[in-house]
Structures are given as structure tokens and as C-alpha cells.
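I have placed the structure first, in the form of C-alpha cells, so that the comments after it can refer back to it.
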Amino acid sequence: GYNLGYTTAGEWLEYTVNVAKAGKYDLTLRVACNGDGRTVSLSAKDVVVAKDIAIPNTAGWQTWTDVIVKDITLEAGVQELRLTVGASDYVNMNYMTFTAQSQPAISLEAGWNLVGCPIDGSTDIATALSSIWTNVKTVKDLTSFYDASQQSAFNSLTKLNWGQGYMVKVNKSCELQWQK
């Protein structure tokens, strides 16, 4: 396989990517290095998203290891990613991959459940609860409600907001996987 070698301090590589969905990602860098104190940094849209990622001494220029950096935040859309070699020369790089982090599923029991919305901003109720939508009977907050048995014009709750709590009534036990 191919890899980058003899990279020098300050050298950078730029990639145009299309991020399908905004969110948090885990970055995996496949690297090799025969020395200590090597780092790289990653920028997206000219903003550093991972600074001074430590590259371990693998004791060989073709002795590969994965370095995993969690919680890289990327915006959706076409953008340039820039990987920059730190202050010390010579880091070999084979590839990098991004894995989207998923929210853990929340177990709901038949009847009423209290849940907090972890989605940034405001999201349509049917989208946010799409993983359990066929089981939803009623959703309430302190000032508004959604009732599946009523015409949509009578429902005052149409959006769910980050950080707000909701009472959700479902007709059977199910798993809630928040969707944006």
C-alpha cells in the first residue's frame, strides 16, 4: 500500500470532503513513527478541531498503529480538512477515517416516561422521535402538548428543544434513538 513518508514540520495535507451529517465523530489515524514527540493537528473550515494529536513511537517507519481521537465536531456540507504535521519532522501516515458517534438508545416503558432532548437547537417532533413514532400517544412539556389521536391543528407541541424535558407516553416498551 501507499503511505506518506518524510513529512516535515508544518507540512500539511488538504482534503475536500462532504460531511453528510453534522455531529461528533471519532477520528482514526493510521500512523508510523521512529521517534518521540511527534504530533499532528486537524482543521475543518479553517478551525482547529483536534490540536497536537500525539503520534506514538512505533519503533519503525512501517510499523503501523491506529491513533483514535474522540469527539471531533464537524459541520455538515462540503469543506476542506487540513492535517498539519507538528513541530517535529517525520511522521508516516497511511490513512484517516471518521466514524459518526451515535447517541445511546433510551429504553422506554409502556406508559409515561420523562426524557431530556439532547439534540442541539430545535427539531421537528416527528423527526426527533421517529425511532418510536408509531408507539407515541402523547408528548407534553410545561406549556404545550402533542396527542396522536387529535388533528394536527390542535397540537401545540411541534418542535423539541435542546436541554428541555418532555413527558412521553408510549403504547408499549420501545427504544428511543434521537434523530435530528
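Start at 1 with the first residue, then count along the sequence.
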For this session: Evaluate the side-chain contact (heavy atoms from CB on, under 4.5 Å) criterion for residues Val31 and Thr65: first the C-alpha distance (whole Å), next the side-chain angles of each, then the deciding distance (0.1 Å), finally the verdict.
Result: CA-CA 6 Å; Val31 296; Thr65 192; 4.1 Å; yes
Problem set entry | Geometric cation-pi criterion, Lys140 with Trp112: 6.0 Å, 45° | yes
Could you list the donor-acceptor pairs under 3.5 angstrom formed by side chains in residues 162-173, with sequence neighbours left out?
| from | atom 1 | to | atom 2 | distance (Å) |
| --- | --- | --- | --- | --- |
| Gln164 | NE2 | Asp141 | OD2 | 2.9 |
| Tyr166 | OH | Asn161 | N | 2.8 |
| Ser173 | OG | Glu109 | OE1 | 3.4 |

Exercise. OH of Tyr15 to CG of Leu42: how many Å apart, nearest 0.5 Å?
Worked result: 10.0 Å
For this session: Output every pair passing side chain to side chain donor-acceptor pair (under 3.5 Å) with a member in residues 38-55, not counting sequence neighbours, ordered by first then second residue.
Result: Lys45-Glu75
Exercise. So do Thr73 and Val49 actually touch side chain to side chain, heavy atoms under 4.5 Å?
Worked result: no
Exercise. Which pair of heavy atoms, one from Val136 and one from Ala148, lies closest together, and at what distance?
Worked result: O-CB, 3.5 Å
Problem set entry | Exceeds 12 heavy-atom contacts within 6.0 angstrom, atom CG of Leu142 | no
Exercise. Is Lys24 salt-bridged to Asp71, cutoff N-O under 4.0 Å?
Worked result: no
Problem set entry | Stepwise side-chain contact (heavy atoms from CB on, under 4.5 Å) test for Trp178 and Val115 | CA-CA 11 Å; Trp178 289 100; Val115 297; 3.9 Å; yes
Would you list the atom pairs, donor with acceptor, under 3.5 Å between side chains in residues 88-97 and any protein atom, with sequence neighbours excluded?
| from | atom 1 | to | atom 2 | distance (Å) |
| --- | --- | --- | --- | --- |
| Asp89 | OD1 | Ala9 | N | 2.7 |
| Asn92 | ND2 | Trp61 | O | 2.8 |
| Asn94 | ND2 | Tyr2 | O | 2.8 |

Problem set entry | Nearest heavy atoms of Ala20 and Ala76, plus distance in Å | O-CB, 4.4 Å
Exercise. So do the side chains of Val85 and Thr8 get within less than 4.5 Å of each other, counting heavy atoms only?
Worked result: no
Scan the side chains in residues 150-159 for donor-acceptor partners under 3.5 Å anywhere in the protein, sequence neighbours excluded, and list what turns up.
| from | atom 1 | to | atom 2 | distance (Å) |
| --- | --- | --- | --- | --- |
| Asn155 | OD1 | Asp147 | N | 2.8 |
| Asn155 | ND2 | Asp147 | O | 3.3 |
| Ser156 | OG | Phe145 | N | 3.1 |

For this session: Taking all heavy atoms of Leu74 and all of Ala44, pick out the closest pair and write down the distance.
Result: CD2-CB, 3.9 Å
Problem set entry | Any donor-acceptor N/O pair, Asn113 side chain to Gly111 backbone, under 3.5 Å | yes
Problem set entry | Side chain proximity check, Val40 to Trp12, heavy atoms < 4.5 angstrom | no
Problem set entry | Nearest-0.5 Å distance, CG of residue Leu176 to CG of residue Leu108 | 5.5 Å
Exercise. Can you name the nearest heavy-atom pair linking Pro56 to Val67, along with the distance?
Worked result: CD-CG2, 3.5 Å
For this session: Looking only at non-hydrogen atoms, find the nearest pair between Asn57 and Cys33 and report the distance.
Result: OD1-O, 3.2 Å
Exercise. Counting N and O atoms only, with roles assigned by atom type, does the side chain of Gln79 sit under 3.5 Å from a partner on the main chain of Gly77, one being a donor and the other an acceptor?
Worked result: yes
Exercise. In Å and rounded to the nearest 0.5 Å, what is the CD1 to OG1 distance from Ile132 to Thr134?
Worked result: 8.5 Å
Problem set entry | Point-to-point distance, once rounded to the nearest 0.5 Å, from CD1 of Ile53 to CG of Leu27 | 5.5 Å
For this session: Let me see the working for Val69 and Phe98 under side-chain contact (heavy atoms from CB on, under 4.5 Å), right down to the final yes or no.
Result: CA-CA 10 Å; Val69 182; Phe98 292 87; over 6 Å; no
Problem set entry | Reported CG-to-CG distance for the pair Leu13 and Leu83, which is rounded to 0.5 angstrom | 6.0 Å
Problem set entry | Glu175 CD to Ser131 OG distance, which is reported to the nearest 0.5 Å | 9.0 Å
Exercise. So which pairs with a foot in residues 10-21 pass salt bridge (Lys or Arg N to Asp or Glu O under 4.0 Å), sequence neighbours left out?
Worked result: Glu14-Arg82
Exercise. Looking only at heavy atoms, which two atoms of Glu80 and Thr16 are closest? And how far apart?
Worked result: CG-OG1, 3.9 Å
Problem set entry | Trp133: partners by ring pair (Phe, Tyr, Trp, His ring centres under 6.0 Å), with sequence neighbours left out | Tyr146
For this session: Start with the C-alpha distance between Leu129 and Leu160, add both sets of side-chain angles, then the distance that settles side-chain contact (heavy atoms from CB on, under 4.5 Å), and finish with yes or no.
Result: CA-CA 9 Å; Leu129 301 177; Leu160 301 184; 4.0 Å; yes
